[in-house]
Amino acid sequence: SAAAMGAENRTFADVVKASVCSALDEEKTKNEIVIQKLPENDRDVEDVRVLCTKASVSVKPVAVSRLGKPNPERPRPLKASFPTAFDARTFMAKVDECKKSEPDSFPIRVRLGRTREQQALCSKVYKLNQKAKSGESYSLRNNADVWKYEKNDDGKWIRVTDWTLSDSEQGNGNRTPGRQASNSSM
């Protein structure tokens with residue numbers, strides 16, 4: 001097939017270049033966080049600096065930019081790049097602390113940046129949720145694990161502990177899965 005011939009024609013240099021690009025992409029995303037639900041205006045840099053001050057984070061991001069196309073229904077996610085991965089994770093942890101103690105003053109969501117592979121996995125989880133039956137949901141965790149949840153008779157979400165993404169893709173998921181009560185909100 002043409003695809004197989006294309007794969008055979010890849011040179012060693014192409015393979016090395018792809019590997020280096022992937023490693024650089026992964027390193028870059030470790031320094032990035034994505035802020036969701038932050039209103040759009042012409043003051044993104046100032047808004048992130050205010051968030052840093054409120055969360056008692058001394059290091060400021062080196063760059064901020066909006067992701068995606070403008071949508072009048074909701075603000076686009078904002079990507080903030082920090083000098084180091086430690087600074088990005090510190091910002092995320094401090095914002096999460098503030099959200100717990102002052103939920104009204106932090107109506108945003110913060111997550112780590114994603115590599116192309118992680119974004120593809122996120123897209124896969126989104127598609128799983130689009131196909132999911134009522135009372136079933138899938139969650140992509142920060143460590144790239146995908147968890148499946150089902151609602152029990154009381155309406156509480158329960159994690160299906162012995163389900164894996166590969167089971168779902170291969171169509172041989174266990175119909176009598178183990179369940180673990182979930183304390184996390186999805």
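From a predicted model like this one, the values you see are computed outputs, not experimental measurements. FYI, side chains are in, hydrogens and waters are out, and symmetry mates aren't considered; it's all heavy atoms of this structure.
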Inset, instruction - For the pair E136 and Y138, evaluate side-chain contact (heavy atoms from CB on, under 4.5 Å) and give the outcome as yes or no after the intermediate values. - result: CA-CA 7 Å; E136 184 177 273; Y138 299 87; 3.2 Å; yes

Inset, instruction - Decide side-chain contact (heavy atoms from CB on, under 4.5 Å) for R89 and I33; before the verdict, give the C-alpha distance in whole Å, the side-chain angles of both, and the deciding distance to 0.1 Å. - result: CA-CA 8 Å; R89 288 182 178 274; I33 55 97; over 6 Å; no

Inset, instruction - Could you please spell out the steps behind the side-chain contact (heavy atoms from CB on, under 4.5 Å) verdict for I35 and V48? - result: CA-CA 9 Å; I35 303 169; V48 174; 4.2 Å; yes

Inset, instruction - For V34 and L112, run side-chain contact (heavy atoms from CB on, under 4.5 Å): C-alpha distance rounded to whole Å, both residues' side-chain angles, the deciding distance at 0.1 Å, then the answer. - result: CA-CA 6 Å; V34 175; L112 297 172; over 6 Å; no

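Looking at N71, its side chain does come within 3.5 Å of a backbone N or O of E73 through a donor-acceptor pair. With hydrogens and angles disregarded, a donor-acceptor distance shorter than 3.5 Å links the side chain of K60 to the backbone of V57. A donor-acceptor contact shorter than 3.5 Å is absent between the side chain of R141 and the backbone of V146. A donor-acceptor pair is defined here as one N or O able to donate and one able to accept, closer than 3.5 Å; such a pair exists between the side chain of E40 and the backbone of R76.
Think of Y126 as one node in a network of Ile, Leu, Val, Met, Phe, Trp and Tyr side chains linked at under 4.5 Å; it has no links at all.
Here the closest heavy-atom approach between residue A88 and residue E32 is recorded as CB-N, 4.2 Å. Of all non-hydrogen atoms in A80 and V64, the two that sit nearest each other are CB-CG1, 4.0 Å. Closest non-hydrogen pair, P39 versus P75, comes out as CA-CB, 4.2 Å.
To the nearest 0.5 Å, atom CD of residue E46 and atom CG of residue N41 are 10.0 Å apart. With rounding to the nearest 0.5 angstrom, the CH2 atom of W157 is 10.5 Å from the NZ atom of K148.
You'll find the side chain of R109 reaches within 4.5 Å of the side chain of K99, heavy atoms only. Inter-residue side-chain proximity for C52 and P61 is flagged as met; some heavy-atom pair is nearer than 4.5 Å. Counting heavy atoms from C-beta outward, L140 and W147 have side chains that stay 4.5 Å or more apart. Residues V62 and P83 form a side-chain contact, since some pair of their non-hydrogen atoms from C-beta on lies under 4.5 Å apart. Counting heavy atoms from C-beta on, the side chains of S123 and K127 come closer than 4.5 Å. Side-chain contact check for C122 versus R114: some heavy-atom pair is nearer than 4.5 Å.
Dense packing is recorded around CZ of R66, with more than 12 heavy atoms of other residues, nucleotides or ligands lying under 6.0 Å away. In this structure, D14 places its CG atom where more than 12 heavy-atom neighbours from other residues, nucleotides or ligands lie under 6.0 Å away. Atom CZ of R111 is surrounded by more than 12 heavy atoms from other residues, nucleotides or ligands within 6.0 Å.
At a cut-off of 3.5 Å, with distance as the only test, no side-chain donor of D87 or T90 sits close to an acceptor on the other residue.
Ring centroid separation for the pair W163 and Y149 does not come in under the 6.0 Å cut-off.
Side-chain heavy atoms closer than 4.5 Å link hydrophobic residues (I, L, V, M, F, W, Y) into clusters, and following such links, even through other members, never connects V59 to V50.
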